[in-house]
> 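Questions regarding the structure given below will be posed in turn.
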Amino acid sequence: MISQSRYHELLKILSEHAHLYYVLDTPVISDFEYDQLYRQVAEFEETFPLLSDLNSPTRRIGGKSSAKLESYAHIQKLPSLGNVFDAIELRAFYDRVLKALPQEIIIFTVEPKIDGLAVALHYRDGQFKVGATRGDGYSGENVTQNLRTIRSLPLTLTSTETIEVRGEVFMRKSVFETFKDQFANPRNAAAGALRQLDSKVTASRKLDIFIYQGLYSGITTHHELLTYLKELGLPVVPDVQRCETFSDIQEACQTILNNKESYDWGIDGAVIKVDEKKWQDELGFTSKSPRWAIAYKFETEKAITTLTNIIVQVGRTGVLTPVAVLEPVQLSGVSVHRATLHNQEDILRKGVLIGDRVLVQRAGEVIPEIIKSFETFSHSRAFEMPPHCPECQTPVLHVPEEVAIRCPNFDCPAQIKGRIFHYASRKAMDIEGLGDKLVEQLVDSGLVHSLPDLYRISMETWTSLDRMAQKSAQNIYDELEKSKTKLFSKFLFGLGIPFIGERTAQLLAQVFPDMKTLLSASYEALLNVPEIGEKIAAILTQTLSAPSFQDMINDLTELGLSPKSDAVLATGKLSGSTFLFTGTLSHRTRTEAEKAVVEQGGKIISAVSANLTYLIVGDSPGSKVNKAKAINQKAGKSIIQILSEDEWVALL
Ligand code: IVH
C-alpha cells in the first residue's frame with residue numbers, strides 16, 4: 001500500500017496526465033501506465049476512505065445521485081450577450097464602444113461562440129468545488145457531480161487559486177454521432193446529459209467544456225486572462241484573435257464563419273469583446289448584457305421569392321456562372337435580388353425553372369443561394385447555358401472532367417476585370433479605392449488590359465478620369481505605389497493563378513521568398529512544399545513557365561514592383577516526411593491531425609505510394625493499410641512506417 005504522501009503525489013501526477021491527454025491532446029504515458037497509477041490511488045481510497053480526496057480522479061464518475069438537481073444561487077449574475085446579425089449592426093456596436101471611451105484605438109478580441117450551455121465553476125484553493133448551469137442568470141442548477149465527469153476539466157488547478165470561471169459545456173460532433181438517433185442536435189444532447197440526475201449517465205455522454213471568462217482582478221486584459229486560465233490547466237476557448245480596427249474584427253468573424261465546419265464542436269457565431277478590463281468596467285452593463293461585448297450570430301435566414309431570370313456571369317478564370325435574378329426579398333435585414341446557382345448541374349439538381357417561386361437562404365456574410373424550387377407554374381421555363389461567352393462572344397469550352405464551362409479567351413474583358421479586381425482585393429494587394437466600378441471603367445475605356453497597365457497610368461490620366469476628384473486620384477496613385485512593396489504572399493495570391501488560394505500562396509512564400517526563386521523552382525521542389533500535391537505542382541509549373549506569365553512578371557518588375565519577403569518558416573522536425581491518415585482517430589479530427597503534421601513541417605499526401613513515409617491508422621481503417629503492407633513486402637523492407645494514433649502522437 002502506498003503512503004499518504006505518495007497518494008497525494010499520485011493525485012497530482014494523474015491530474016497532470018489527464019490534462020496532457022484531454023486538453024493538450026499530447027499524452028506522454030500509455031493508457032496502461034495511467035491505469036496502474038489510478039489503481040494504486042483507488043486501492044488507497046478503499047482502505048482509507050476518510051483520507052480520500054474529493055477531487056481524486058476516481059470521483060469523476062458515479063457521484064451521488066439525487067431526486068432532483070438542487071438549485072444554486074450565483075454569487076455574481078451571469079449576464080447574457082446582446083446579438084447582432086450583420087456587419088451594419090456590428091459596426092453600430094463598434095461605434096457605440098468607441099464613442100463611449102476617451103481613446104481612439106481600442107483593442108477587441110474575437111473568438112468563436114460555442115454552441116452549448118453556459119456554466120459557472122468555482123475553484124477554491126485550486127480545488128474544483130461547485131459548478132452550476134446559468135439558469136436565469138441569477139440562479140441555476142447545481143451540476144457539480146456531472147461537471148466532474150468532463151475529462152478535460154481539471155479537478156485541481158496548477159496553483160492554489162480561488163476563482164470563478166465561466167464556460168460552455170458542449171458535445172463534440174464526433175461524439176454526437178453515437179447519439180444522433182436520440183437528440184435533434186449536439187446542443188440538446190449536451191443539455192440532456194448535463195442535467196442528468198445520475199452522473200454515470202453524464203459520464204457516458206462524454207461532454208466537453210471551453211472556458212471563456214474568469215472573474216479575476218489581477219489581470220488587466222481578456223486575452224491575458226485566458227492565457228492565465230490556460231496556465232491553470234483549464235481548457236480555454238481556442239482561436240481568440242486580437243483586433244485593432246473594425247475591418248480586422250470583420251475579418252476575424254469571417255474567418256470563424258468560414259472555418260466553422262472544420263471544428264469538432266458547434267459554433268453559432270463569434271463573440272466580440274473589449275480586451276481591456278478598465279474599458280470593460282467603464283462601459284459596464286445594461287440591465288441584460290455587457291456593453292463591452294456582443295455576439296455576432298451566424299444565422300441562416302430563409303425566404304421565398306420569384307426567380308425572374310437567370311443571367312450568366314464570367315469570372316476571372318473564365319468560368320461561366322449562372323446567377324439568379326430575384327424579385328427583391330428581405331433576408332437578415334438586407335434586400336436580396338441576386339443569388340448564385342453555381343452551374344447547370346446545380347440548377348438541374350435543385351429543379352429550378354425561370355418563373356418559379358424559390359427558397360433562398362443567406363448565411364452570415366456569404367452570397368445568398370437558392371436552395372430549391374418551391375412552386376412551379378405553367379409559364380415556368382428551363383434554363384440552358386449559352387454556347388457563347390456573353391461578354392466576348394467566344395464559343396465556350398466544356399472542360400472534360402469539370403462541371404464548369406469556360407470562356408477560353410484570356411483577353412475577355414470580363415476576365416480582365418475579374419483579374420484586376422481580385423489583385424486589388426483586400427486579401428490580395430488591398431488597393432483601397434480600386435473597386436468594381438473603377439475597374440470596369442478602366443477596362444472598358446481601354447486604359448487597362450493587364451495588371452502592369454495599372455502601374456502605367458500617370459497621375460494626369462487618373463485625374464482626367466470621369467467622376468474622379470483630384471484627391472481620389474492622388475489616393476489611388478499612392479495606394480498603387482504602396483502596393484509595390486507588399487508581402488510576396490499577397491502578391492502571389494493576387495496574381496490569381498488557378499488553385500493558388502490565400503493559404504497555398506502563404507505556404508509557397510515561406511519556401512520561396514521572391515518571384516525569382518519561385519520562377520526557377522523545379523516541379524519536385526514545388527511538390528516538397530507542405531500541402532502541395534501533384535495537381536497544383538503541375539499547374540504551377542505550367543503557369544510559371546508560360547512566356548506570357550514571365551512577360552507580365554518582367555513588366556511588373558520594370559515598373560518597380562518588388563514584393564517584400566514573408567517570414568520564412570523554420571523547418572519543423574517532420575520536414576521531409578509525408579503522412580497519410582486512415583480510419584477514425586479517437587482524440588482529434590482528421591483536420592486537426594493534419595494541421596499538427598503541417599505545423600511541424602510534415603506533408604500530407606492523398607494516396608498510398610512508395611513516396612509515403614508514415615501511414616497513421618485509426619479505428620476501422622480502409623484498404624490503405626493492406627496497400628502499404630503490400631508495398632513494404634514487395635520492397636522487402638519497411639518503406640512505409642505504419643503507426644497507431646498513439647505512436648504518431650509520440651512522434652510529434
Ligand atoms: S462571453 C459577459 N464568450 O453565449 C460575457 N459567451 O449568447 C459572457 N457563449 O451566455 C459571455 N461562447 O453561454 C462568451 N466565447 C464565448 C462564448 C459565449 C458561447 C455563450 C454563453 C453566453 C451566450 C450568450
Side-chain angles (χ1 to χ4, degrees), residues 74-85 89-90 93 97 108-121 131-141 143 147 150 152-153 163-173 185-188 190-191 194-195 207-217 219 221-227 229-230 234-243 249 252-253 255-257 259-260 263-277 279-299:
H74 293 296
I75 298 170
Q76 260 192 56
K77 181 188 165 191
L78 269 74
S80 72
L81 289 174
N83 291 323
V84 295
F85 295 95
E89 290 174 1
L90 181 61
F93 161 76
V97 169
F108 289 82
T109 57
V110 176
E111 62 200 48
K113 182 169 181 322
I114 314 296
D115 192 10
L117 290 102
V119 290
L121 309 155
T133 59
R134 174 175 182 271
D136 62 4
Y138 296 98
S139 81
E141 285 167 320
V143 285
L147 288 168
I150 301 180
S152 57
L153 189 74
I163 190 171
E164 173 177 348
V165 296
R166 292 165 180 180
E168 200 82 351
V169 170
F170 62 95
M171 183 181 277
R172 283 177 179 259
K173 292 183 198 163
N185 53 51
R187 191 180 183 283
N188 286 356
L194 188 63
R195 303 190 55 244
L207 294 178
D208 229 313
I209 189 168
F210 279 137
I211 304 299
Y212 52 66
Q213 202 189 3
L215 307 187
Y216 189 70
S217 54
I219 289 174
T221 61
H222 173 60
H223 82 275
E224 282 167 324
L225 177 58
L226 291 185
T227 308
L229 297 181
K230 206 186 275 182
L234 290 158
V236 164
V237 61
D239 298 331
V240 179
Q241 303 172 68
R242 289 177 77 224
C243 300
I249 295 177
C253 292
T255 307
I256 293 174
L257 176 60
N259 298 338
K260 196 174 135 205
Y263 289 95
D264 196 21
W265 41 87
I267 290 175
D268 60 342
V271 182
I272 299 100
K273 300 174 183 171
V274 169
D275 195 30
E276 271 199 68
K277 279 280 184 49
W279 297 138
Q280 292 184 359
D281 292 343
E282 174 122 3
L283 288 158
F285 290 77
T286 67
S287 61
K288 283 201 220 97
S289 47
R291 288 197 191 86
W292 47 266
I294 202 93
Y296 187 172
K297 284 268 190 83
F298 303 150
E299 279 212 330

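We use all heavy atoms of the structure for the numbers below, so side chains are in, but hydrogens, waters and symmetry mates are not. In each ligand, atom 1 is the first atom listed, and ligand 1 is the first ligand listed.
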> Work out which heavy atom in K277 is nearest to a heavy atom in Y216; give both atom names and the distance.
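Heavy-atom minimum between the residues: NZ-O, 3.1 Å.
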> Measure the shortest side-chain to side-chain distance between L147 and V169 over non-hydrogen atoms and say whether it is less than 4.5 angstrom.
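Heavy-atom side-chain distance check passes, below 4.5 Å.
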> Work out which heavy atom in S289 is nearest to a heavy atom in P79; give both atom names and the distance.
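Between these two residues, the closest heavy atoms are CA-CB, 4.3 Å.
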> If we only count heavy atoms from C-beta on, is the Y296 to F93 side-chain gap below 4.5 Å?
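No, their side chains stay 4.5 Å or more apart.
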> Could you tell me whether a side-chain N or O of R291 sits under 3.5 Å from a main-chain N or O of L283, the two making a donor and an acceptor?
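Yes; judged by distance alone, with no hydrogens or angles, the pair exists.
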> Using a plain distance cutoff, I'd like to know if N83 has any nitrogen or oxygen under 3.5 Å from a nitrogen or oxygen of ligand 1.
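By distance alone, the answer is no.
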> H222 and side chain to side chain donor-acceptor pair (under 3.5 Å): which partner among Q280, E111, R242?
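Of Q280, E111, R242, side chain to side chain donor-acceptor pair (under 3.5 Å) with H222 is met by E111 alone.
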> Taking N or O atoms only and a 3.5 Å limit, does Q213 qualify as a polar contact for ligand 1?
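For ligand 1, there is no N or O atom that lies under 3.5 Å from one belonging to Q213.
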> Go through ligand 1 atom by atom and flag the ones less than 4.0 Å from a non-hydrogen atom of P290.
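Going through ligand 1 atom by atom, the ones under 4.0 Å from P290 are 2 (C).
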> Within a 6.0 Å radius of atom NZ on K230, are there more than 12 heavy atoms belonging to other residues, nucleotides or ligands?
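Counting neighbours around NZ of K230, 12 or fewer heavy atoms of other residues, nucleotides or ligands fall under 6.0 Å, so no.
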> Would you say K113 has any N or O atom under 3.5 Å from an N or O of ligand 1, going by distance alone?
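Yes, since at least one N or O of K113 sits under 3.5 Å from an N or O of ligand 1.
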> To check your reading of the model: name the closest protein heavy atom to atom 13 (O) of ligand 1, its residue, and the distance in Å.
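Residue, atom and distance for the closest contact: E168 OE1, 2.5 Å.
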> Under 4.0 Å, counting heavy atoms only: does W292 come that close to any atom of ligand 1?
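It does; at least one heavy atom falls under 4.0 Å.
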> Any atom of ligand 1 sitting under 4.0 Å from a heavy atom of R166?
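No.
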> What is the closest protein heavy atom to atom 3 (N) of ligand 1, and at what distance does it sit?
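Heavy-atom neighbour on the protein nearest atom 3 (N) of ligand 1: K273 NZ, 3.1 Å.
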> Report the part of E111 in contact with ligand 1, treating N, CA, C, O as backbone and CB onward as side chain, heavy atoms under 4.0 Å; options are side chain, backbone, both, neither.
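The part of E111 near ligand 1 is the side chain, not the backbone.
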> Among all protein heavy atoms in this structure, tell me which lies nearest to atom 18 (C) of ligand 1, with the distance rounded to 0.1 Å.
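Checking every protein heavy atom, the shortest distance to atom 18 (C) of ligand 1 gives Y212 CE2, 3.5 Å.
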> Just need the protein heavy atom nearest to atom 12 (N) of ligand 1, so name the residue and atom and give the distance.
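Of the protein heavy atoms, I114 N, 3.0 Å lies nearest.
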> Check contact between P79 and ligand 1, using heavy atoms of the residue and a distance below 4.0 angstrom.
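Yes, P79 has a heavy atom closer than 4.0 Å to ligand 1.
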> Say whether P112, considering both its backbone and side-chain N or O atoms, lies within less than 3.5 Å of an N or O atom on ligand 1.
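Among all N and O atoms of P112, at least one is under 3.5 Å from an N or O of ligand 1.
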> Would you say that more than 12 heavy atoms from the other residues, nucleotides or ligands in this model lie under 6.0 Å from the OH of Y138, or not?
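Check fails, neighbour count at 12 or below.
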> Out of all atoms in ligand 1, which are within 4.0 Å of some heavy atom of L81? Include the element for each.
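Taking each heavy atom of L81 in turn, ligand 1 has 5 (C), 6 (N), 11 (C), 24 (C) under 4.0 Å.
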> Once you round to the nearest 0.5 Å, how far does OH of Y263 lie from NZ of K173?
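The OH atom of Y263 sits 10.0 Å away from the NZ atom of K173.
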